[in-house]
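One structure below.
In this chain, numbering begins with 1 at the start of the sequence shown. Side chains are part of it too, since the values below use all heavy atoms of this structure and drop only hydrogens, waters and symmetry mates.
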Amino acid sequence: MSSLNDFFIQYGYLGMFFASFLAGSFVPFSSEAVMSVLLIATDMNPIFTVLAATLGNVLGSIFNYGLGRMGNADTISRWLKIAPHRLEQAQRWADRYGVWLGFFAFLPIIGTAIAVVLGLMRANFWGTSAMFLLGKLLRYILVAGTAVALS
């Protein structure tokens with residue numbers, strides 16, 4: 001793990017962006033851990049770190065949204081290894097809450113399914129992206145605040 005931390009420390013804000021993009025896409029990855037290490041072990045600016053993380057994570061969710069928009073539920077479930085019941089659960093929530101559901105795309109496990117389902121449903125791109133942004137920004141502010149308080 002140390003060499004991975006060294007990689008992200010070496011690349012700073014770009015490393016934070018990359019880690020967050022991976023975490024926001026279908027790749028299981030903890031950008032919160034990377035952010036915490038960066039803010040505790042370096043003198044990186046918390047505001048710029050939050051912005052890099054938010055941008056990367058939102059683009060990762062937009063990537064998932066795009067996959068959903070281009071695919072169908074069976075293919076998405078098989079290729080992205082999202083359990084069909086997770087997609088069905090996200091579909092029910094999306095039917096009920098629409099683009100507002102995008103706010104919760106930061107949640108572990110179901111966040112990817114939420115973004116993909118919103119794409120499958122052809123939910124409004126701009127409204128969905130705005131909800132991705134709001135949810136992820138608030139999460140990273142909380143994570144950064146906690147890491148700075150602990151350092």
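Remark: Ser25 OG to Asn57 CG distance equals 9.0 Å, nearest 0.5 Å. Rounding to the nearest 0.5 angstrom, the gap separating the CZ atom in Arg139 from the CZ atom in Phe106 is 7.0 Å. Taking CG from Leu134 and CZ from Phe104, the interatomic distance works out to 10.0 Å, rounded to the nearest 0.5 Å. In this structure, the separation between CG on Leu14 and CZ on Phe21 is 12.5 Å, given to the nearest 0.5 Å.
Taking the side chain as every heavy atom from C-beta outward, Ser36 and Val143 approach each other to under 4.5 Å. Side-chain contact between Met16 and Val34 is present, with at least one heavy-atom pair separated by less than 4.5 Å. Side-chain contact between Leu118 and Met131: absent, with no pair of heavy atoms (C-beta onward) separated by less than 4.5 Å. Using a 4.5 Å heavy-atom cutoff, the side chains of Leu51 and Tyr13 are not in contact. Two residues are said to be in side-chain contact when any heavy atoms from C-beta on lie closer than 4.5 Å; Thr49 and Met35 meet this criterion. Side-chain atoms of Leu138 and Phe103, non-hydrogen and from C-beta on, do get closer than 4.5 Å to each other.
Annotation for Asn64 and Ala115: closest pair CB-CB, 3.7 Å, computed over non-hydrogen atoms. For Ile62 against Ser129, the heavy-atom pair with the smallest separation is CD1-OG, 3.7 Å. Across Ala19 and Ser31, no two heavy atoms sit closer than the pair O-CB, 3.9 Å.
In terms of the side chain to side chain contact (heavy atoms under 4.5 Å, CB included) criterion, residue partners of Val99 (sequence neighbours excluded) are, by chain and number, Ala123, Asn124, Thr128. Under the ring-ring contact (aromatic ring centres under 6.0 Å, His included) criterion, Tyr11 pairs with Phe7, not counting sequence neighbours. Not counting sequence neighbours, Asn45 has no partner by the side chain to side chain donor-acceptor pair (under 3.5 Å) test. Judged as a side chain to side chain donor-acceptor pair (under 3.5 Å), and not counting sequence neighbours, Thr54 has no contacts. Evaluation of the ring-ring contact (aromatic ring centres under 6.0 Å, His included) rule for Tyr65 yields Phe125 as partners, not counting sequence neighbours.
Among Leu38, Ile141, Leu39, the one residue that satisfies the side-chain contact (heavy atoms from CB on, under 4.5 Å) test with Pro46 is Leu39.
Both Met70 and Val116 belong to a common hydrophobic cluster when Ile, Leu, Val, Met, Phe, Trp and Tyr are linked at side-chain heavy-atom distances under 4.5 angstrom. Under the 4.5 Å side-chain contact rule for hydrophobic residues, Leu150 and Ile9 do not share a cluster.
Within 6.0 Å of atom CD1 in Ile47, 12 or fewer heavy atoms from other residues, nucleotides or ligands are found, so the atom counts as exposed in its surroundings. When the shell of 6.0 Å around CZ of Phe18 is examined, it contains 12 or fewer heavy atoms from other residues, nucleotides or ligands.
Within the structure, ring pair (Phe, Tyr, Trp, His ring centres under 6.0 Å) contacts touching residues 132-151 (residues at least two apart or in different chains) do not occur.
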